[in-house]
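First comes the structure, then the notes that go with it.
All values below were derived from every heavy atom in this structure, side-chain atoms included, with hydrogens, water molecules and symmetry-related copies excluded. In what follows, chains are A, B, ... by sequence order, proteins preceding strands, each numbered from 1.
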2 protein chains.
Amino acid sequence: MDTLLTIQQVADKTGLSEHTLRYYERIGLIESIDRADNGHRRYSDVDVGWIEFLKCLRATGMPVMQMKAYADLTRVGDHTIEARLELLKEHRRAVLAQIEEMQAYLSVVDYKIDYYTKEKERIETCSEN
Amino acid sequence: MDTLLTIQQVADKTGLSEHTLRYYERIGLIESIDRADNGHRRYSDVDVGWIEFLKCLRATGMPVMQMKAYADLTRVGDHTIEARLELLKEHRRAVLAQIEEMQAYLSVVDYKIDYYTKEKERIETCSEN
DNA sequence: TCTTGACTTAGAGCACACTCTAAGATGTAT
DNA sequence: ATACATCTTAGAGTGTGCTCTAAGTCAAGA
């Protein structure tokens, strides 16, 4: 199928707002989308797929400017595949490092939760007497 | 030991900037710190410990306003232990959920990395002939 | 015909978490 | 004495990523 979608439909489908979709296009994250006769945007399945991938990059914390660099690479041809690969691999490393950092910091929070749980029990035990 | 530290020493030790330390104090994340005769801040070990815990909350993505809520609870006495516990547990759930989300999105990035790796090999193989 | 609603643009505004500035007080070294 | 570093405050400024506004076009329905 190659049904073309309006911006509203794409917003619903992707969870990004219409504002954000236009913003992403303006800054070059999304290549200029086909237009209907009245000038309204018409998104193809390929466009939506690209937007979904952008979501993956954003949701994993990639800065918009880095996403722009990646987007630019995809537009200039196959000879940038190696560069794209490097960019994604580097991002992957960064994400895994960030997850590990969060887990390490979270373990301190866990420790505190443990402490409060015991403290709470102690207080409750005292008040029973 | 209960050596008192200057703001610069605490900045070095915690990795937060002096600006950030003052900012945290201003917005009530850090309780007002003891002063030397000349009005300069003098941080105790307990203060530094608290700041380190704040770092754990921030590094795991807790918004500053929620940290403020937690800080406020710690100041009004033992009867808020349950509330503090709930806040930390809720945060813990949120962090784990976020990590899972990131991992899910990252797996799409992994898929792309795989695709590009194969694509690159294919291109290299072609050019060998 | 009139209204409603979806869309367009350029550009302004906003929330968050800092980050920096300006002006001034104080302390130490030469 | 003088230079320099370190600190103080209140408040302004910054970067990021949206998010909203205003003014206008266009098409379908009552």
Side-chain angles (χ1 to χ4, degrees), chain A residues 3-44 47 51 53-71 91 94-95 98 101-102 105, chain B residues 3-44 47-48 51 53-71 91 94 98 101-102 105:
Chain A
T3 38
L4 297 176
L5 302 178
T6 66
I7 193 166
Q8 189 177 180
Q9 289 169 321
V10 175
D12 285 352
K13 197 163 182 174
T14 62
L16 299 180
S17 73
E18 300 180 26
H19 289 306
T20 301
L21 287 170
R22 291 196 200 96
Y23 164 69
Y24 276 8
E25 194 175 331
R26 224 188 312 173
I27 65 175
L29 273 188
I30 298 172
E31 224 171 341
S32 63
I33 297 293
D34 279 352
R35 301 301 174 118
D37 290 347
N38 58 12
H40 292 191
R41 289 172 181 79
R42 289 294 176 268
Y43 293 80
S44 72
D47 295 329
I51 290 163
F53 188 64
L54 288 181
K55 267 179 64 184
C56 293
L57 298 180
R58 269 306 289 141
T60 49
M62 185 185 282
V64 163
M65 281 306 100
Q66 203 175 331
M67 289 165 66
K68 171 86 168 87
Y70 181 79
H91 177 58
V95 173
Q98 205 210 317
E101 195 199 74
M102 285 181 80
Y105 278 116
Chain B
T3 38
L4 296 175
L5 302 179
T6 66
I7 193 165
Q8 190 178 180
Q9 289 168 322
V10 175
D12 285 352
K13 197 164 182 173
T14 62
L16 298 180
S17 73
E18 300 179 26
H19 289 305
T20 301
L21 287 168
R22 293 196 199 94
Y23 163 69
Y24 276 8
E25 193 174 332
R26 224 189 314 172
I27 65 175
L29 272 188
I30 298 172
E31 225 173 338
S32 64
I33 298 294
D34 280 352
R35 301 300 175 118
D37 291 345
N38 57 12
H40 292 189
R41 289 172 180 79
R42 288 293 176 269
Y43 293 80
S44 72
D47 295 329
V48 174
I51 290 162
F53 188 63
L54 288 182
K55 265 180 64 185
C56 293
L57 298 181
R58 269 307 289 140
T60 49
M62 185 183 284
V64 162
M65 281 305 100
Q66 202 175 331
M67 290 164 65
K68 170 88 169 86
Y70 180 79
H91 177 58
Q98 205 212 317
E101 196 199 74
M102 284 181 82
Y105 278 115

To the nearest angstrom, the CE-C1' distance between M65(A) and dT16(D) comes to 9 Å

May I have the distance from Y23(B) (atom OH) to dT19(C) (atom P), rounded to whole angstrom? 10 Å

Compare the minimum distances between each of dA6(C), dT8(D), dT8(C) and the side chain of R41(A), then state the nucleotide with the smallest one. dT8(C)

Taking any heavy-atom pair under 4.0 Å as a contact, classify R35(B): base, sugar-phosphate, or nothing. sugar-phosphate

Spacing between L21(A) atom CG and dC20(D) atom P, to the nearest angstrom: 14 Å

If you look at every strand shown and take non-hydrogen atoms under 4.0 Å, does S17(A) touch a base, only sugar-phosphate, or nothing? nothing

Below the 4.0 Å mark, does dT8(D) have OP1 or OP2 next to a side-chain nitrogen or oxygen of R22(B)? yes

Student check: side-chain heavy atoms of K55(A) and L16(A) closer than 4.5 Å: yes

Separation of atom CG in L29(B) from atom C1' in dC18(C), rounded to whole Å: 12 Å

I want to confirm an ordering. Mapping H40(A) and Y24(A) to their closest nucleotides on DNA chain D, which one lands closer to the 5' end? Y24(A)

Please answer whether the main-chain N or O of S44(A) pairs with a side-chain N or O of D47(A) as donor and acceptor at a distance below 3.5 Å. yes

Only one of Q8(B), E18(B), E25(B) passes side chain to side chain donor-acceptor pair (under 3.5 Å) with R41(B); say which it is. E25(B)

Whole-Å distance separating the CG atom of L54(A) from the C1' atom of dG17(D): 14 Å

Do Y24(B) and I51(B) touch side chain to side chain, with heavy atoms closer than 4.5 Å? no

Out of T3(A), T14(A), L21(A), which one pairs with Y43(A) under the side-chain contact (heavy atoms from CB on, under 4.5 Å) rule? L21(A)

Please work out if R26(A) contacts a base, only the sugar-phosphate, or nothing of the nucleic acid, heavy-atom cut-off 4.0 Å. base

Sugar-phosphate only, base, or nothing, as touched by R58(B) at under 4.0 Å among non-hydrogen atoms: sugar-phosphate

Just the rounded figure in Å: distance from P of dG11(C) to CD1 of I27(A). 16 Å

Output the single nucleotide from dC18(D), dT19(C), dT6(D) whose closest atom is nearest the side chain of T20(B). dT19(C)

By nearest atom, which of the nucleotides dA17(C), dG27(C), dT19(C) is closest to the N38(B) side chain? dG27(C)

Could you pick out which residue, V64(B) or H19(B), lies toward the 5' side of DNA chain C when each is mapped onto its nearest nucleotide? V64(B)

note: K68(A), atom NZ; dG17(D), atom P; distance rounded to Å ~ 14 Å

What is the separation between atom CG on L16(B) and atom P on dA17(C), rounded to the nearest whole Å? 14 Å

